[in-house]
Each structure stands twice: as C-alpha cells, then as structure tokens.
Engineer: 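Provided herewith is a single structure, encoded as structure tokens, for subsequent inquiry.
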Amino acid sequence: MPTHRIATEIGTRASPAQVWSVLTDFARYPQWNPFIREAEGEPLAGSRLKIRIQPPGQDGGMVFRPQVLRVEPEREFAWLGHLIVPGLFDGEHCFRIEPLPGGGCRVHQSENFSGLLVPLFRKSLDGGTRQGFEAMNAAWVAQAESAS
C-alpha cells in the first residue's frame, strides 16, 4: 500500500504546558490557526473529533472526523482520519512536544499517509499541506509565547 510522510518542527521558548494548552484549546483555533480552521470534540483517546483544514491556496478546505489515538498531556496528541473509507487515503496526524534542556521546547507536527490514493495527492501533500503545517507551527508557538 502506498505511503508518504510529512514531518515539520519548530523551537519555542514557551513551556510544554503553554504549548499543550494552545494545542488543546480547540475553541480558539479560528482565532489563530491558519491551517486547522476549526476543531471540535475532546482530546481524549478513543473520542472522535471534527476537523476542518484549509491548506494555503485552497478554497473551502476539507472536513473530516478522525479518531483520537493517543493523548499524553504536554507530550503527544495523535489522531487517525480517513477519506471516505479506510484504506483509500488515511492519515495519522501527530503533534509531539519535546522539552529542551534549559527551558522551552521543540514542537513536532507530522502525518503518515497511507492508502490507494496517496500517489495522486503526493504533490499537494508536499506543497500546500506541508505549507499548512509550517504556518500552523509558527502561529502555534507565537500563540504559546504570547501567553507566557
């Protein structure tokens, strides 16, 4: 089955607690998040979320309902989403927060894509989707740093 991975990271002087607080405050996403424009649900393993993404340069975006896989406060938050049916185009999205010696942390955002349609979407994944991750990362740490 075809696969593809996007991985991004950024450093911040904000604490893991501040970064986690911004990440899990879904109600505030429309105010600061340029990529995940809306998020609804609870960051609890096994729960379903409603996510609306809008990669740069795309009108309207896309809504999907992933299932939360892992939640480790101030460390990791991951979900698995599907396009229409499992196996067609699946994405395991992961946010990881890595504390740094001396304070601050490194924020990692990645997604492992798998499924029959992955080759058809590879160019947009490496373009708009990666740009969306990077824009979100920058806005995310700016939001966390402004709370410090």
Engineer: Under a single-linkage definition using a 4.5 Å side-chain heavy-atom cutoff for Ile, Leu, Val, Met, Phe, Trp and Tyr, are I53 and L120 assigned to the same hydrophobic cluster?
Structural biologist: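 Looking at the clustering, L120 is in the same group as I53.
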Engineer: Hydrogens and angles aside, do S21 and Q18 bring a side-chain donor and acceptor to less than 3.5 Å of each other?
Structural biologist: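 No.
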Engineer: Under 4.5 Å between any side-chain heavy atoms of C94 and W79, yes or no?
Structural biologist: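 No - every pair of side-chain heavy atoms lies 4.5 Å or more apart.
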Engineer: With rounding to the nearest 0.5 angstrom, report the CG to CZ distance, D90 to F113.
Structural biologist: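 Here the interatomic distance stands at 10.5 Å.
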Engineer: Under a 4.5 Å cut-off applied to non-hydrogen side-chain atoms, are F77 and I97 in contact?
Structural biologist: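 Heavy-atom side-chain distance check fails, nothing below 4.5 Å.
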Engineer: State plainly whether the residues E111 and R5 are in salt-bridge range, i.e. N to O under 4.0 Å.
Structural biologist: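 Result for this pair is no, no salt bridge flagged.
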Engineer: Can you tell me how the ring of F95 sits relative to the ring of H93, calling it parallel under 30°, perpendicular over 60° and tilted otherwise?
Structural biologist: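 F95 vs H93 ring planes: tilted.
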Engineer: Please, which pairs that meet side chain to side chain donor-acceptor pair (under 3.5 Å) have at least one residue in residues 36-46, sequence neighbours excluded?
Structural biologist: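 Listed once each, the pairs are E38-R52.
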Engineer: Answer yes or no: is there a side-chain heavy-atom contact under 4.5 Å between E74 and S15?
Structural biologist: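 A side-chain contact under 4.5 Å is absent here.
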Engineer: Identify the heavy atoms of A39 and Y29 that sit nearest to each other, and give their distance.
Structural biologist: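 Looks like CB-CD2, 3.8 Å.
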Engineer: Looking at L44 and V68, what are the two nearest heavy atoms and their distance?
Structural biologist: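 Residues L44 and V68, closest heavy atoms: O-CB, 3.3 Å.
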Engineer: To the nearest 0.5 Å, how far apart are CZ in R122 and CG in L117?
Structural biologist: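 Rounded to the nearest 0.5 Å, the CZ-CG separation comes out at 13.0 Å.
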Engineer: Is it true that E9 and R106 have a side-chain N and a carboxylate O under 4.0 angstrom from each other?
Structural biologist: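 Counted as a salt bridge, because a side-chain N and a carboxylate O are separated by less than 4.0 Å.
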Engineer: Kindly compute the distance separating OG1 (T12) from CH2 (W140), expressed to the nearest 0.5 Å.
Structural biologist: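 So the gap between those two atoms works out to 10.0 Å.
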Engineer: What is the distance from atom CD of Q131 to atom CD1 of I6, rounded to the nearest 0.5 Å?
Structural biologist: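 Atom-to-atom, Q131:CD and I6:CD1 are 10.5 Å apart.
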Engineer: Is any side-chain heavy atom of F64 closer than 4.5 Å to a side-chain heavy atom of L83?
Structural biologist: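 Not touching, per the 4.5 Å side-chain cut-off.
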Engineer: Roughly how far, to the nearest 0.5 Å, is OG of S124 from CZ of R130?
Structural biologist: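 R130 atom CZ to S124 atom OG measures 12.5 Å (nearest 0.5 Å).
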Engineer: Hey, is the main chain of A78 close enough, under 3.5 Å, to the side chain of R96 for a donor-acceptor pair?
Structural biologist: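 Checking the backbone N and O of A78 against the side chain of R96, no donor-acceptor pair under 3.5 Å is found.
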Engineer: If I compare all heavy atoms of W32 with all of A139, which pair ends up nearest, and what's the gap?
Structural biologist: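 It is O-CB, 3.5 Å.
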Engineer: Check the hydrophobic clustering (I, L, V, M, F, W, Y; side-chain heavy atoms under 4.5 Å; chains of links allowed) and say if M1 and I84 are grouped together.
Structural biologist: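 Not linked; separate clusters.
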Engineer: Apply side chain to side chain donor-acceptor pair (under 3.5 Å) to N137 and H108, showing your working.
Structural biologist: CA-CA 8 Å; N137 290 351; H108 302 264; over 6 Å; no
Engineer: Between A27 and P30, what is the shortest heavy-atom contact and its length?
Structural biologist: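 Looks like O-CD, 3.4 Å.
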Engineer: How long is the gap from CD on Q143 to CG on L23, to the nearest 0.5 Å?
Structural biologist: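 Rounded to the nearest 0.5 Å, the CD-CG separation comes out at 12.0 Å.
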Engineer: Is any side-chain N of the basic residue among R70 and E92 closer than 4.0 Å to the acidic one's carboxylate O?
Structural biologist: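 Answer for the salt bridge query: yes.
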Engineer: Are any non-hydrogen side-chain atoms of V141 and V107 less than 4.5 angstrom apart?
Structural biologist: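 Yes, close enough: below the 4.5 Å cut-off.
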Engineer: Between I51 and L88, is there shared hydrophobic-cluster membership here, with clusters defined by ILVMFWY side-chain heavy atoms closer than 4.5 Å?
Structural biologist: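 Yes, because I51 and L88 connect within a single hydrophobic cluster, where side-chain heavy atoms sit under 4.5 Å apart.
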Engineer: Other hydrophobic cluster members with L80, side-chain heavy atoms of Ile/Leu/Val/Met/Phe/Trp/Tyr under 4.5 Å, chained?
Structural biologist: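 Grouped by the 4.5 Å side-chain rule, L69 form the rest of the cluster around L80.
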Engineer: Given the rule in the ring-ring contact (aromatic ring centres under 6.0 Å, His included) test, do F35 and F133 qualify, once you have shown the distances and angles that lead to the verdict?
Structural biologist: CA-CA 7 Å; F35 180 63; F133 282 23; 5.5 Å; yes
Engineer: Check S114 against T3 and note the closest heavy-atom contact, atom names and distance.
Structural biologist: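 Heavy-atom minimum between the residues: CB-CG2, 3.9 Å.
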Engineer: Can you name the closest pair of heavy atoms from V19 and C105 and give their distance?
Structural biologist: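 Closest approach of V19 to C105, heavy atoms only: CG2-SG, 3.7 Å.
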